[in-house]
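Here the structure is laid out as structure tokens; the discussion comes afterwards.
Chain letters run A, B, ... following the sequence lines, proteins first and then strands; every chain starts at 1.
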There are 2 protein chains.
Amino acid sequence: MIKLSKMTDYAVVILAEMAAQEGNVQSASGLANHTKLPEPTVSKILKLLTKHDIIESKRGINGGYALVKSPTHINMAALITALDGPIALTACVEQSTECCERSQCCTMKGKWNPVNIAMQKALEDVSLAQMMGTN
Amino acid sequence: MIKLSKMTDYAVVILAEMAAQEGNVQSASGLANHTKLPEPTVSKILKLLTKHDIIESKRGINGGYALVKSPTHINMAALITALDGPIALTACVEQSTECCERSQCCTMKGKWNPVNIAMQKALEDVSLAQMMGTN
DNA sequence: ATAAATCGGACTGTTGCGGTACTCATTTAC
DNA sequence: GTAAATGAGTACCGCAACAGTCCGATTTAT
């Protein structure tokens, strides 16, 4: 099963909650309460999102996190990249110019790239706002 | 990193080898030799592919495996489904009508489906033959 | 009928991820 | 200036899924 990690799943829920209160700075514990997710996990995800400039943080008393972009401008590709690393369907991607550990160069080297690109595009086309839309 | 398992990667290499000798029945050990992959792994993959009717097996002396469809009619979606299970980007897919383990229904329930469908389509559009094409 | 060759399914070890806890750095209210 | 509140960073543990291994079932050539 090609599935993205729970972390990404959680991230969407958290971001949706933040978007619902757009403009407000919300603390990690507050978000954890609202989303019913375990606080340490929420905190971890928020840090990752901050590091990748998807949200911004404010320290000190009454600190917390806030969106920097509107939900329309946050796409799934960026989210997944932030939490799970680069989007690629196999280890044998073009970037690794060396041969695999196998005795000869894998004949499939680089062949997955078109697929990867297609997937990347599919994910870029979905915004957080769309994910939040009614069923 | 969204990545598919090595198994799928290997499967493509193996199928490419089989396609190169289309029509011929090839034993698991023979294919392992040609692809330089560990035989038990090759064997395991061949079993999975057989179960999903992507190839067919022949027992007894001079037995082995052979393609049932032409490389043009084998797409990546079928391959990945056979080896890694259904293509879905999250556990919270439409099919599970129950709520998550969280106290309330996840607000994102079913929202990933459009993305999943887009990915499925992207993968269906790539045939084994295309993967075998020259670099 | 026998035996060799091969497929088929169950089993096990290991790696990576999800989840947690702890400590340090920073900011602001008083 | 001090202390409280909050985010940032690091390190750790348990579980689950995967990669790899083995032995039994089945078929066919002789």
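- The line from OG of B:S27 to CD1 of B:I61 is 13.0 Å long, rounded to the nearest 0.5 Å.
- In this structure, A:H52 atom NE2 and D:dA8 atom C1' are separated by 14 Å, rounded to whole Å.
- Not a single donor-acceptor contact under 3.5 angstrom links the side-chain atoms of A:K51 to the base of D:dA8.
- Taking atom OH on B:Y65 and atom C1' on C:dT6, their separation rounds to 8 Å, with Å as the unit.
- Phosphate proximity of C:dC17 to A:Y10: absent, as no side-chain N or O sits under 4.0 Å from OP1 or OP2.
- Using modelled atom types, one side-chain atom of B:Q130 and one backbone atom of B:S127 make a donor-acceptor pair closer than 3.5 Å.
- With distances taken from any side-chain atom of B:K44 to the nucleotides D:dA8, D:dA19, D:dA29, the minimum falls on D:dA19.
- Rounded to a whole Å, the CD atom of B:E39 is 13 Å from the P atom of D:dG20.
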Filtered N/O pairs between nucleotides 23-28 of chain D and protein, under 3.5 Å:
unit_1	atom_1	unit_2	atom_2	d
D:dT26	O4'	B:R59	NH1	2.2
D:dT26	O3'	B:R59	NH1	3.3

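- Atoms NZ (B:K47) and P (C:dA10) sit 11 Å apart, rounded to a whole Å.
- The distance between atom CG of A:L83 and atom P of C:dG16, rounded to the nearest whole Å, is 20 Å.
- Scanning all heavy atoms of the two residues, the minimum distance from A:E39 to A:A32 falls at CA-CB, 3.7 Å.
- The side chain of B:M7 lies closest to D:dA19 when the candidates are D:dA19, C:dG19, C:dG8.
- Residues B:L15 and B:L49 form a side-chain contact, since some pair of their non-hydrogen atoms from C-beta on lies under 4.5 Å apart.
- Note: CG (B:L46) to P (D:dT21) measures 15 Å, nearest angstrom.
- Residue B:T41 has a polar side-chain atom (N or O) positioned under 4.0 Å from OP1 or OP2 of D:dG20.
- Taking the side chain of A:T50 as heavy atoms from C-beta on, and the options D:dA8, C:dG9, D:dG20, the nearest nucleotide is D:dA8.
- Straight-line distance from the CD1 atom of B:I45 to the C1' atom of C:dG9: 16 Å, rounded to whole Å.
- Applying the 4.0 Å criterion to OP1 and OP2 of C:dC7, one finds that B:S27 has every side-chain N and O outside that range.
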